[in-house]
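For reference, the structure is listed below as structure tokens.
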Number of protein chains: 2
Amino acid sequence: MARRAAKPVTRPVTQPVAPRRLGASQSATRAALLAAAETLLLESGYAAVTSRRVGAKAGLKPQLVHYYFRSMDELFLEIFRRNAEESLARMQRAVATDPSLRTLWQLNADPRGATFIIEFVALANHRKAIRSEIAAYAERFRAAQLEAVTAALAAGGISPEQLPPVAALLVMTGLSQVLTLESTLGVTTGHEETIALVERTITRLASSPNS
Amino acid sequence: MARRAAKPVTRPVTQPVAPRRLGASQSATRAALLAAAETLLLESGYAAVTSRRVGAKAGLKPQLVHYYFRSMDELFLEIFRRNAEESLARMQRAVATDPSLRTLWQLNADPRGATFIIEFVALANHRKAIRSEIAAYAERFRAAQLEAVTAALAAGGISPEQLPPVAALLVMTGLSQVLTLESTLGVTTGHEETIALVERTITRLASSPNS
DNA sequence: GTCTATACTTCGATAGAC
DNA sequence: GTCTATCGAAGTATAGAC
């Protein structure tokens, strides 16, 4: 992976950091690079996201990556933020329309999302700068979902003592993660039965006086 | 990542493949390299497992990695197989002693196991040679666990119609995966409540006539 | 059987011309 | 805003000396 920084670089003391020029964030070229990087990430994993390959995929020179992003970590973070913001917004829109457990469950089923999570968690394992960003987002996402689950369970007459909303949420999250993760591996034993069980349970919780 | 093979290399036609010598599989040096690689994988993610770093961690020359393993993929597979076999065996031993849901749940709680899974699934995302191996193992593990869950539920008087054993298994697997995954990120919101719910549910399923 | 020397590739990043 | 040129570190892998 040709680790970090080519040279220590004797930096002029008057310009403490970021002396390099950086491209505008509205640039179409920048957007193309981001799109190429995102595709690479999903198709081939984060290790495939190198400035050279991103450049090639976008039909551009690899140095442009460094012109628009201070470092590869910054590129990764930009990809993460965009997707995070977008999926948070999508979730909140969907919940605003129909604040049910089924809505949340269906949102989780997006296979792209699970692939993203895997890649970024693995990334976080050796790029500390990325870990905290992911953790912060995870908490934010959890809080927003929790609100929806709490409301949905209350509407179904389920008390928090019978079933803590946060536990219900984690069960759903865990399940959808395993299901999509295994699907990408080609393992699908038991998936059908499990999905059926979730559907039944959601229906039951939506309108019953019992756990 | 300084991708693949230094040179095409003009290979003599009489020696179609694997002309290189390989070290003995009982070698202590080999074991040291494997241990170092495994530690690196867990601590820093698969991208940190490079011949140079593995060598350094083991206090050996990086070239030795290539002497004992034909390629980095082979090293990864060796790590995977060892851990896979061992955890399958451990599970079967535990279940033989006490074939209950709680036994299975406690086995899943091992954080090492979940970290391994994350790393290898991410790896499988762009190393095809590894994917099939993981998928095959997953099916094997699933089948063994399923047997135990089926027996445990039957013993508790739960019919497969009330709760399909394979679905119960996937719920447990998904949960333990999310819990440890989030823990490594430092996110633990709701974990306590969820673990409590699982414990309660296991107790209920172990000895009751109701779903 | 075991390890060293070394080849060659790719990496991130920068400087400076256009 | 983009391209040419280039550096030095790190990557995989092989050939051949002990």
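Protein chains get the first letters and strands the later ones, always in sequence-line order, with residue 1 at the start of each.
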Nucleotide nearest B:Arg52 when distance is taken to its side chain, options D:dG11, C:dC11, D:dA13:
D:dG11
Any N or O donor-acceptor pair under 3.5 Å from the base of C:dA5 to the side chain of B:Gln63?
yes
Round to a whole Å and report the spacing from CG of B:Leu60 to P of C:dG1.
18 Å
Whether B:Tyr67 contacts D:dA13 is assessed here as follows: a side-chain N or O lying under 4.0 Å from the phosphate OP1 or OP2. Is that the case?
no
For A:Lys61, I'd like to know if atom NZ has over 12 heavy atoms of other residues, nucleotides or ligands within 6.0 Å.
no
Just how far, in rounded Å, is P of C:dG12 from CZ of A:Arg53?
9 Å
Counting heavy atoms from C-beta on, name the nucleotide in C:dC11, C:dA13, D:dC3 closest to the side chain of A:Leu64.
D:dC3
Given atom CG of A:Leu33 and atom P of D:dC3, what is their separation to the nearest angstrom?
10 Å
C:dC11 OP1/OP2 closer than 4.0 Å to side-chain N/O of A:Thr50:
yes
Any side-chain N or O of B:Thr29 under 4.0 Å from OP1/OP2 of C:dC3?
yes
Report yes or no: does A:Ser27 contribute a side-chain atom to a donor-acceptor pair with the main-chain N or O of A:Ala24 at less than 3.5 Å?
no
Of all residues at least two apart in sequence or in a different chain, which pass the salt bridge (Lys or Arg N to Asp or Glu O under 4.0 Å) check with A:Glu199?
A:Arg102
Can you list the residues that meet the side-chain hydrogen bond (donor to acceptor under 3.5 Å, both in side chains) rule with B:Asp98, with sequence neighbours excluded?
B:Ser100, B:Thr103
Separation of D:dT14 atom P from B:Met72 atom CE, nearest Å, is 13 Å
Does D:dG11 have its OP1 or OP2 closer than 4.0 Å to a side-chain nitrogen or oxygen of B:Ser51?
no
Whole angstroms only, please: what is the CZ-P distance between A:Phe69 and C:dA13?
12 Å
Atom OH of A:Tyr68 and atom P of D:dC3: how far apart are they, to the nearest Å?
9 Å
Greater than 12 external heavy atoms within 6.0 Å of B:Gln92's CD:
yes
Rounded to the nearest angstrom, tell me the gap between atom CZ in A:Phe76 and atom P in C:dG12.
8 Å
Calculate the interatomic distance between B:Glu74 atom CD and D:dT14 atom P; express it in whole Å.
11 Å
